[in-house]
Amino acid sequence: MKNNKKLFTAMLLSTVIAGSANAGINGNATETFTWSGTVPAKPISNSIVITSITSAALDNGKLNFSKDGDLIGSTSINFKVQKVADVGNAPVDFTAEELSTTNLSYKVLSFQSEGSKSGLNDNLGIATQYYALNSGSEVLQLNTSVPMPANNVQLALGKSTFSTNATNKPVQGEVVTVQAVIMVEADII
């Protein structure tokens, strides 16, 4: 009986201590987990493909925001163009001779940003767009061809010159996705 009384006292005391340790904690926490991906295009014979220069995937860029929603920066996504001789063969780099006789260019076919609170926004460079797509020091525009080297194109996001009037500036707690569809063209000289 004496042992049971000690056991009951120890259990009661541990319950009171555990309850008082949690008494100051109040509220809840919420976080959004996001997965996204792109199905790659199927290569065809005598064609070109866009491949990542690094081990990072082409659909894995990161955006950094301040607490008030200002875009601080983004990771760069680097790509190159390779050729595919036959379906089933791995893509290979262009030779120096092939590069001397091939004009490569790329252009942005579409550009969208979507925020969990601000909704879907299209059109790179319009006066309501918060984001700009940059390649080096150049700000890219929709459907405008840009000459490119085959070995390294670096894309990053920044704020557009219209960012102060933008309708899609993110707010606290918002989940943002920005997607650009890029087409590369190869013309043999």
Side-chain angles (χ1 to χ4, degrees), residues 27-43 48-82 84 90-94 104-185:
N28 56 44
T30 303
E31 186 62 52
T32 302
F33 298 85
T34 305
W35 287 263
S36 65
T38 303
V39 178
K42 181 180 177 182
I48 57 175
V49 294
I50 299 170
T51 57
S52 177
I53 291 176
T54 65
S55 60
L58 295 173
D59 61 356
N60 198 25
K62 304 289 184 213
L63 299 171
N64 299 313
F65 294 98
S66 68
K67 290 183 180 179
D68 63 356
D70 277 338
L71 180 65
I72 297 169
S74 73
T75 56
S76 294
I77 297 178
N78 299 345
F79 72 88
K80 64 182 176 179
V81 177
Q82 294 181 298
V84 176
V92 295
D93 290 335
F94 283 91
L104 292 169
S105 63
Y106 66 101
K107 63 181 164 185
V108 181
L109 296 181
S110 74
F111 185 80
Q112 296 179 330
S113 67
E114 184 172 10
S116 57
K117 297 178 184 174
S118 60
L120 181 66
N121 287 273
D122 284 324
N123 300 322
L124 189 62
I126 62 170
T128 57
Q129 183 61 260
Y130 181 75
Y131 303 97
L133 181 60
N134 305 311
S135 179
S137 62
E138 185 168 1
V139 178
L140 302 178
Q141 301 298 320
L142 281 174
N143 298 312
T144 303
S145 290
V146 177
M148 67 172 286
N151 59 350
N152 188 3
V153 175
Q154 184 179 60
L155 299 176
L157 290 175
K159 290 191 290 189
S160 76
T161 56
F162 311 111
S163 63
T164 55
N165 300 322
T167 58
N168 62 329
K169 180 182 177 193
V171 296
Q172 279 187 337
E174 186 164 22
V175 177
V176 176
T177 302
V178 179
Q179 183 179 48
V181 175
I182 308 284
M183 179 176 70
V184 175
E185 298 173 299

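Note that the numbering runs from 1 along the sequence shown for the chain. Since this is a predicted model, take the numbers as computed values, not measurements. Keep in mind that the numbers below use all heavy atoms, side chains included, and drop hydrogens, waters and symmetry copies.
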If every non-hydrogen atom of [X] is compared with every non-hydrogen atom of [Y], which pair is closest and at what distance?
X	Y	result
S113	N168	OG-ND2, 2.7 Å
L140	V146	CD2-CG2, 3.9 Å
F94	L104	CE1-CD1, 4.4 Å
F162	Q129	CB-O, 4.0 Å
S74	L63	CB-CD2, 3.8 Å
A132	V139	CB-CG1, 4.2 Å

Just to verify, what does [X] make a side-chain hydrogen bond (donor to acceptor under 3.5 Å, both in side chains) with, not counting sequence neighbours?
X	answer
N134	none
E174	S118
N143	none
N60	K62

Original post:
For K169, which residues count as a salt bridge (Lys or Arg N to Asp or Glu O under 4.0 Å) partner, sequence neighbours excluded?
Top reply: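 Residues passing salt bridge (Lys or Arg N to Asp or Glu O under 4.0 Å) with K169: D70.
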**OP:** For K80, check salt bridge (Lys or Arg N to Asp or Glu O under 4.0 Å) against everything at least two apart and list the hits.
**Re:**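 By the salt bridge (Lys or Arg N to Asp or Glu O under 4.0 Å) rule, K80 matches D93.
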Original post:
Please walk me through it: do V81 and Y106 pass side-chain contact (heavy atoms from CB on, under 4.5 Å)?
Top reply: CA-CA 10 Å; V81 177; Y106 66 101; over 6 Å; no
**OP:** Would you confirm whether S145, through its side chain, and S105, through its main-chain N or O, come within 3.5 Å as a donor-acceptor pair?
**Re:**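 Side chain of S145 to backbone of S105, a donor-acceptor pair under 3.5 Å: no, none is there.
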Original post:
Do any N or O atoms from the side chain of Q172 and from the backbone of G69 form a donor-acceptor pair under 3.5 angstrom?
Top reply: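 Checking the backbone N and O of G69 against the side chain of Q172, no donor-acceptor pair under 3.5 Å is found.
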Original post:
Would you call L157 and F111 a side-chain contact if the rule is heavy atoms closer than 4.5 Å?
Top reply: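 A side-chain contact under 4.5 Å exists here.
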Counterpart residues, side chain to side chain contact (heavy atoms under 4.5 Å, CB included), relative to [X] (two or more places apart):
X	value
I50	L58, F79, V184
T161	none
S76	N78, Q154, A156

**OP:** Would you check if there is a donor-acceptor pair between the side chains of Q82 and T51 at a distance under 3.5 Å?
**Re:**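 There is such a pair between these side chains.
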Original post:
How many angstroms lie between NZ in K159 and CG in L71, if you round to the nearest 0.5 Å?
Top reply: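 Output value for this atom pair is 7.0 Å.
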Original post:
Are V153 and I182 close enough, and set up right, to give a side-chain contact (heavy atoms from CB on, under 4.5 Å), and what steps lead you there?
Top reply: CA-CA 11 Å; V153 175; I182 308 284; over 6 Å; no
